[in-house]
2 protein chains.
Amino acid sequence: MVYPCLMAVDRDHVLRTAAALLTRKSTATMDEVAKAAGISRATLHRQFAGRDALVRALEALGIAECEAALDLARPDEGPATDAVRRLVRAIEPSAGLLAFLYTENQLFEGEEQNAGWTRIDDRIAALFRRGQAAGEFRIDLTPAWLTEALYGLLASGAWAVAEGRMAPKDFTHMIVELLLGGALRREEP
Amino acid sequence: MVYPCLMAVDRDHVLRTAAALLTRKSTATMDEVAKAAGISRATLHRQFAGRDALVRALEALGIAECEAALDLARPDEGPATDAVRRLVRAIEPSAGLLAFLYTENQLFEGEEQNAGWTRIDDRIAALFRRGQAAGEFRIDLTPAWLTEALYGLLASGAWAVAEGRMAPKDFTHMIVELLLGGALRREEP
DNA sequence: ACCATATGAGACAGCAATGTCTCACGAGAA
DNA sequence: TTCTCGTGAGACATTGCTGTCTCATATGGT
């Protein structure tokens, strides 16, 4: 019997290595990506038709991880505040990849973006909208902007951690507290 | 009499055009930059030795505009809350350029970054620290993170406006309210 | 042992952008 | 007019990355 393709595991490894590298250096060469993954450029090119295909695959990975994080966070259950905290916590391992894709997406200006992002945007925006409807969140900040801001804060946090300006363990707390509570000190109750 | 160089005004025009273009398309060619500025590639090359020099000049411009915005915002006067609002308002016209440089800075990973950014970081962090000392801001979010988050929100806001997902007039309000107040609805006093 | 398949190494051409050059044109000063 | 200087247009070589190819090797199943 022939097992024609056990590249699946390798493919995932390459993808994650590439994600880690491109997060740090978004202009890394195919050669650098290959070296980082411990394979030759030829093999890299066999698995991903070209740099474009690699980025697309990373995009698909990012989308899948976001969806998985959303599923894990149960955004429809309990207080929206807690759901947001669960979401950030679940999405933390993917934050670096997300930060890369967030800036890379600026390149896709002409073309239509992957429908997966729309789905994710909608699910996150729905969470914020639910929080507004429940009276937890203020209504003068639109769900779309809160979603956008969440992406921005995730990217900022990922970079801050990557460059050693923030301790990894503070990631979730810093993002959630700023996003939800803001910088202002609350009045004592 | 000979007037050897009235390129100063042109240089500024080219710089601002390049900033506007690179904000939208960060991989724009020297040729595209030149065409956008209404000059030939040769002239562009005469004013900026190369693409690197152009980006450096844009960085200097961004630093100068940030410093000017900080001066204008008087970060040491009055409540820190108001100072932050003044700062965001003053920095709004430069937000696009800032967003470009914010992502471009990820490229300078190896080299030391321009000292100007350190100065600006320090001034903004000092503002947040002052707010903390005055009891306006909570102390569990570090000034460094608040500074980083401000950059991230400025970039997110600039992109949201550029892509039509946010009205330009909402820019300052959305950023300041989220940064200071957060998404949570405040208890009625 | 034998065969199949994936891999690594490297050669190769193509391409896009860069940086440098020359030259002709035109506006402005003398 | 005449001279000068900045400019635009384009040619040119160079560079770095890409994508494709071949071939030798190693690994793993039969």
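We name chains A, B, ... by the order of the sequence lines, and we start the count at 1 in each one. In this text the structure is predicted, and so the values were computed from the model without any measurement.
- Between A/Ile39 atom CD1 and D/dT27 atom P there is a gap of 17 Å when expressed in whole angstrom units.
- Checking D/dT7, C/dT7, D/dG8 against the side-chain heavy atoms of B/Ser40 singles out D/dG8 as nearest.
- Taking the side chain to side chain contact (heavy atoms under 4.5 Å, CB included) definition, one finds that B/Pro168 meets it with B/Val161, sequence neighbours left out.
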Find every protein N or O atom lying less than 3.5 Å from an N or O atom of nucleotides 12-22 of chain C, and list the pairs.
unit_1, atom_1, unit_2, atom_2, d
C/dT18, OP2, B/Met30, N, 3.1
C/dG19, OP2, B/Arg51, N, 3.2
C/dG19, N7, B/Arg41, NH1, 3.1
C/dG19, O6, B/Arg41, NH2, 3.0

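- Side-chain contact check for A/Phe137 versus A/Arg130: every heavy-atom pair is 4.5 Å or farther apart.
- Once rounded to the nearest 0.5 Å, the distance linking CZ of B/Arg165 with CD of A/Glu148 reads 4.0 Å.
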Please report, to 0.1 Å, the donor-acceptor pairs under 3.5 Å made by any side chain of residues 85-100 of chain B, with sequence neighbours excluded.
unit_1, atom_1, unit_2, atom_2, d
B/Arg85, NH2, B/Glu177, OE2, 2.8
B/Arg86, NE, B/Ala73, O, 2.7
B/Arg86, NH2, B/Ala73, O, 3.2
B/Arg86, NH2, B/Arg74, O, 2.9
B/Arg86, NH2, B/Glu77, O, 3.0
B/Glu92, OE1, B/Thr172, OG1, 2.8
B/Ser94, OG, B/Glu65, OE1, 2.5

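- Checked for salt-bridge contact, B/Glu136 and A/Arg185 miss the test: no charged N lies under 4.0 Å from a carboxylate O.
- Atom P of nucleotide D/dG19 and atom CG of A/Leu54 are separated by 10 Å, given to the nearest angstrom.
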Could you walk me through whether B/Met174 and A/Thr142 satisfy the side-chain contact (heavy atoms from CB on, under 4.5 Å) test, starting with their C-alpha distance in whole Å, then the side-chain angles of each, then the deciding distance to 0.1 Å, before giving a yes or no?
CA-CA 9 Å; B/Met174 290 289 183; A/Thr142 66; 3.8 Å; yes
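- Between B/Thr43 and D/dG8 there is a side-chain polar atom (N or O) within less than 4.0 angstrom of OP1 or OP2.
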